[in-house]
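Remarks on the structure that follows.
Below, each value reflects all heavy atoms present in this structure, side chains not excepted, and no hydrogens, waters or symmetry copies.
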Amino acid sequence: MNDNSKVFVALLVGLAAGAALGVLFAPDKGNETRDKLAESLKNLGDSIKETATAEIENLMNLKDKVVDNIKSKISSAEAEYQDDLEHA
């Protein structure tokens, strides 16, 4: 995970913790407090899923680049080897 993602996740966790504490100390009825807390946790879960999806996509793109780079190097080495065989 890169630094921006870490900061974003930490911000989300901090916001969720702040919201949860605010809800817990608010002068609402118990069921209203639980509903607000559940909604906050659902929003946090959705944000984490979005961040994880983005990071997985970044990793997939990186994997594709690495695989393409390796294939290119293998093809280049094979061509050089064939050229050396023909001139030997």
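- Of the inter-residue distances, the one linking Ile48 atom CD1 with Glu55 atom CD reads 13.0 Å to the nearest 0.5 angstrom.
- Between the side chain of Thr53 and the main chain of Lys49, a donor-acceptor pair closer than 3.5 Å is present.
- Between atom CG of residue Leu41 and atom CG of residue Asp46 there is a gap of 11.0 Å, rounded to the nearest 0.5 Å.
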Worksheet item: Stepwise, does the side chain to side chain contact (heavy atoms under 4.5 Å, CB included) test hold for Asp83 with Glu80?
Response: CA-CA 5 Å; Asp83 189 45; Glu80 187 176 325; 5.6 Å; no
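- Side-chain atoms of Asp68 and Lys65, non-hydrogen and from C-beta on, never get closer than 4.5 Å to each other.
- By the 4.5 Å heavy-atom criterion applied to side chains, Met60 and Ile56 are counted as neighbours.
- Note that NZ of Lys42 and OG of Ser40 are 11.0 Å apart. Values are rounded to the nearest 0.5 Å.
- Put simply, the side chain of Leu12 reaches to within 4.5 Å of the side chain of Thr51, judged on heavy atoms.
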